[in-house]
Every structure is written in structure tokens, then in C-alpha cells.
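Letters go in sequence order (proteins before strands), and every chain restarts at 1. Since the structure is predicted, the reported quantities are computational estimates derived from the model, not experimental observations.
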Amino acid sequence: MAGTTEQQRFAAPKGTYDVLPPDSGRWLAVRELLLWPARRAGYGYTEAPIFEDTALFQRGMGEATEVVSKEMYTFTDKGDRSITLRPEGTAGVVRLAIEHGLQNGQLPAKLWYAGPMFRYERPQAGRYRQFQQVGVEALGVDDPALDAEVVALGSRAFGALGLSKVELLLTSLGDPQCRPAYVARLQEFLQGLPLPDEDTRRRVALNPLRVLDDKRPEVLEMLVGAPVLTDHLCDDCRAHYDAVREYLHELGIAWKEAPTLVRGLDYYRRTAFEWQHSGLGAQSAVGGGGRYDGLSEAIGGPPLPGVGWALGMERILLALDAESTDERPVGPPVPPRCDVYVVALGAAAKKKAVVIVDALRAERLNVDMSYGDRGLKGSMKGADRSGAHTALVLGDRDLAEGVVQVKDLKSGEQRSVPLESLVEELVHR
RNA sequence: GUGGGUGUAGCUCAGCUGGCAGAGCACCGGGUUGUGAUCCCGGGUGUCGCGGGUUCAAGUCCCGUCACUCACCCCA
């Protein structure tokens, strides 16, 4: 490098990606569709900062979690504050709720959000360092019917996309009443096993539930007789879990009991769930969530129970690809970027054309025109590529007659329309 | 952090035992000076990831390096 003036060629940083047209149209349509069930259920949009005080995540998600202990983008700002790019959305939303006193208003407070999250991990299919989630949180009420609503909103969102290979996994993680006793029992069981490596043995002490989530067949074999949390729930948690399942049953939502399901974040208690897609390879979770009744207190707030989920945009898009075939694409239709395409021939016509384009856009039509000095043939090609159903051709000859040629690009039919009735004609076609 | 795979045009990729840098799609122009999608003709748009080595000669062989990717781990 010394002595050279060679320019570095930049690329998107490791684990990040760019979204651009035409794919970005699909991207927006998917996100929109995912959130409609929640919006209809009264969830309102929130926007929290992309970075927060590091301690918010440490206390909220738990120091022992993988995410906090090794995956956070943490830096010191110029005011000597420790700042972290949010690795998930819930802690920030709960902080926002506390800061604005939402617990004093009508409850539950129902909120949704969408945006990038950041985790420092080795990238892989469906796993990025900057990734997009959409999420909902329902705060202030510990009614199991609300758990069921939240779960249903997610399942309905997947249904709306047309995904059929999404499976809902459900369990209860208990609460401080019953979980400690169970954890002790589990640790006792695990300590009696010839676990294969140091990491796993350390996990027995630190985060024993996570051991149950191991995917190695030899470990799974050892775990066969392990005590299961859902067999050791206290009466309150048992009643809550039963009620959630009853509501889901009434709603006609299918789930699979997953007593070894473990969430990555410590704040969850009672209801926990995850949606998995079978066509994705290693990263099969397309969404997940649960109830987090202790989170608010953990970050210094008032008692504020809550339940919510987050869905991973990238994995959902992969799932749509996995279920799509050439004949039958799965997912929302992408709105055309253009309805009407205007082609002007000559300087005088172009002057008129830009005005027509503007007027049609004011009528809420999607309108584009041919720019640069392409010939008529090239411009018509542009019209075709734009996806427009109608092309307008305007040359000096037409200008002299006060008309525009209106061509239907599907049928190829073309007719003259007087300039003054053009807008009317196109708006009410 | 640990392993495997892959780096050639905007995209998907071919390029054999080393011998002129290629195809399809996309894009641009023309066939038609006022008509697209079809058809025909033309155009290559390139740091063969990068650096070194072997050789008369390297996209091809060797070494190094970087990037991407898949998997472990973990999760959305």
C-alpha cells in the first residue's frame, strides 16, 4: 500500500446488506402486511432510539445471556457514556413506556415498532449483524387473553403472507415462584450427566435451561429423562398457561408444546413462544416472544407486566422464497411503480409532457416519463419496462391538433384524446 | 471464536492436461426519422478478489491474504 494512491473500494460492512429496487418494493409490502393485524387490534406506532444506555440492555436482557455477554455493539461516546446499538426492541420500548408514564394511562398500552437491530455475530444464512425486526408489545396487564391476542396477531400475520410451513412452538417458563425450585432440580439432574464439553458444563451453573436446547443428538439422548418445567409450574403459572392455551384453542390457532423451548433473553417468564419455518436451514426461527412481567422492575420501573413478540424480516423473506415457485409466488403483490408512462417527441412536446405528468401525479396516479434523448422506440421500451398499463405519446403533430395519443399497453390499442379531457379520461378509466 | 465451500461482465455461471477473456440474462443502439412487449442485426460494459512465486506464457499451478458464503455456537 505504501506509496500508492489506490482507492479503496467500499462494500457494505460484514453482516450488512443493501436493499434496492425492485426488491425493496416487496420488502415494504411484506413489512406492511405483517403489521396490519396488530394495527387493527389497536396497536400504535412507536419509535425508540437505535441506541440506548448500555446498562438498559445489561439489566433488561440479563448479563448471563449470550447477546449481552458477547454480541453487543457497545461504544463510548464523546460524553464518556457507554452506548449500545439495540440488539432487540423490547427493552427500549419498556424504557420508553416507563419514561412516559404509560402505566398511568389506559392499559394495556399497545405498541408496535419496526427497525434495525444489531448483534455482533458471524453472519450466516438468515443471520446478519444489522437485521430488521417488526415487533409488538402489550403492556400493563397480565391477562392470559392478552397473551393469546399477541400470539394470534403473529400467527395471523404469517397467514396473511400466505406462509403455510410456519409452526408455533409454545411453553411456559414459570415465574420467580416456581422456576428457582425447578432450576435446582434440573441442575441436579444435569450434574449427573457426562456432558461433553466445558462450555456446556459451565452452562449448567449459569443458564441450565439453555442446556435443554442443545441440538447435538448425543446430548439430546442424555436429556431424555430430564425434568420439564411445565411439570413443575406453581398454581398461578399453571392456571395462566392453561388459560392461554384455552384461548388459543378457541381462536383455532394450532401450536406445538415445546417444554424445552428457551428464549435467548432472561426477562421472559410464563408464556414463551417461537415461530419456526421448516424451509430455512439452520436459522429456522422467524419470530419469537413471550411474557416479561419482571422486566420493568429490572430496569428500575414500576410493576408493568407485558407480553410481545418480534419477527425477523430477513428470515420471513427467505421463508417466502422457500415456499414460492415460479408459477405460484407466495407473498403480497407488489404494487406497480408506474400506471402511466409519458413519451414526448421534441422540445415543445416535452414542455407539455412535464406538465401532464405533474397533473396526473396530483390525481394520485403513479406516473413516469421518458427522460434523456431516447428515440421513440427506446422510449416505448421504457414504457413497457415501467410496468405501466398506459402510455401517452405526445409529438409536435399531436400538439398542433391539441391531442395526446393514449395507448393501452396490454391490447396495443391507441386513440387520440383531446388535451383538455386527458386527466379526466385517465382518472376514470 | 471453530470448521468447510466459493471468488471470472450489472446478474447466473462456463472456461479441460497452463496458450488471444466467454455464454445466457440484463443493458445500449439499429432494423422502423411516430410506437413497446415478439423477431432480426450490432455493441462487452472485465483490476479473472488482492499480493507474491513458478513458467517463454497463469483465470488455470504454488504460497499468502482479503472478502463472501454455509455450518457449529447462538438467535430474529
Side-chain angles (χ1 to χ4, degrees), chain A residues 1 4 6-17 20 22-23 34 61 65-71 87-90 114-135 154 197 199-200 203 207 210 213-216 261-265 274-277 280-289 309-319 341 343-346 349 370 372-399 404-414 416:
Chain A
M1 269 307 183
T4 70
E6 220 176 307
Q7 266 282 310
Q8 179 185 1
R9 194 170 161 176
F10 291 108
K14 191 181 186 74
T16 69
Y17 58 92
L20 53 162
D23 294 347
L34 282 172
M61 299 163 72
T65 60
E66 300 274 339
V67 174
V68 169
S69 63
K70 49 191 202 200
E71 296 176 0
E88 57 100 44
T90 303
M117 307 294 160
F118 304 85
R119 291 183 199 175
Y120 190 86
E121 299 180 270
R122 258 319 247 281
Q124 188 179 329
R127 191 171 80 182
Y128 298 91
R129 289 182 173 182
Q130 175 175 340
F131 57 101
Q132 295 282 336
Q133 288 189 336
V134 302
D197 61 296
D199 263 4
T200 310
R203 203 171 288 148
N207 206 341
R210 192 147 283 297
D213 201 30
D214 206 300
K215 281 170 194 136
R216 291 168 295 187
L261 177 68
V262 182
R263 308 267 65 229
L265 314 175
E274 189 167 296
W275 288 278
Q276 294 198 351
H277 191 273
L280 291 192
Q283 311 301 324
S284 58
V286 289
W309 48 243
L311 312 182
M313 282 293 298
E314 292 82 1
R315 292 182 188 178
I316 289 170
L317 290 167
L318 288 174
Y341 195 92
V343 175
L345 300 164
S370 180
D373 34 43
R374 309 181 79 180
L376 178 61
K377 185 191 176 89
S379 293
M380 288 307 292
K381 202 167 191 167
D384 186 55
R385 299 290 149 84
S386 77
H389 51 69
T390 301
L392 304 186
V393 179
L394 181 62
D396 294 338
R397 217 161 69 197
D398 308 294
L399 215 50
V404 178
Q405 302 301 321
V406 176
K407 180 166 186 171
D408 184 311
L409 288 170
K410 278 234 170 63
S411 66
E413 256 167 64
Q414 180 170 314
S416 293

(request) Could you list the residues that satisfy salt bridge (charged side-chain N to carboxylate O under 4.0 Å, His left out) with A/K377, not counting sequence neighbours? (result) none
Atom [atom1] of [X] and atom [atom2] of [N]: how far apart are they, to the nearest Å?
X      : N     : atom1 : atom2 : result
A/F131 : B/A76 : CZ    : P     : 8 Å
A/Q283 : B/C70 : CD    : P     : 9 Å
A/L394 : B/U35 : CG    : P     : 16 Å

Using a 4.0 Å heavy-atom cut-off across all strands, classify [X] as base, sugar-phosphate, or nothing.
X      : result
A/V286 : sugar-phosphate
A/Y341 : nothing
A/E88  : nothing
A/Q132 : nothing

(message) Which is more 5' along RNA chain B, the nucleotide nearest A/K70 or the one nearest A/R122? Just name the residue.
(response) A/R122
(request) Give a yes/no answer on whether the side chain of A/Q124 brings an N or O atom under 4.0 Å of OP1 or OP2 in B/A71. (result) yes
(message) Does a side-chain N or O of A/R385 approach OP1 or OP2 of B/C27 to a distance below 4.0 Å, or not?
(response) yes
Which atom pairs link the protein and nucleotides 29-33 of chain B when you take only N or O atoms and keep those under 3.5 Å?
from: B/G31; atom 1: N7; to: A/K377; atom 2: NZ; distance (Å): 3.3
from: B/G31; atom 1: O6; to: A/K377; atom 2: NZ; distance (Å): 2.6

Going by side-chain contact (heavy atoms from CB on, under 4.5 Å), name the residues that satisfy it together with [X], two or more places apart in sequence or in a different chain.
X      : value
A/Q276 : A/L169, A/E274, A/S284
A/S370 : A/Y341, A/R374, A/S379
A/E121 : A/E71, A/R119, A/R127

(message) What's the gap between B/C63 and B/G1 when it is taken at their C1' atoms, as a whole Å value?
(response) 26 Å
(request) Can you tell me which stems involve RNA chain B, if a stem is defined as three or more consecutive Watson-Crick or G-U wobble pairs, both distances under 3.5 Å? (result) B:1-7 with B:66-72, B:10-13 with B:22-25, B:27-31 with B:39-43, B:49-53 with B:61-65
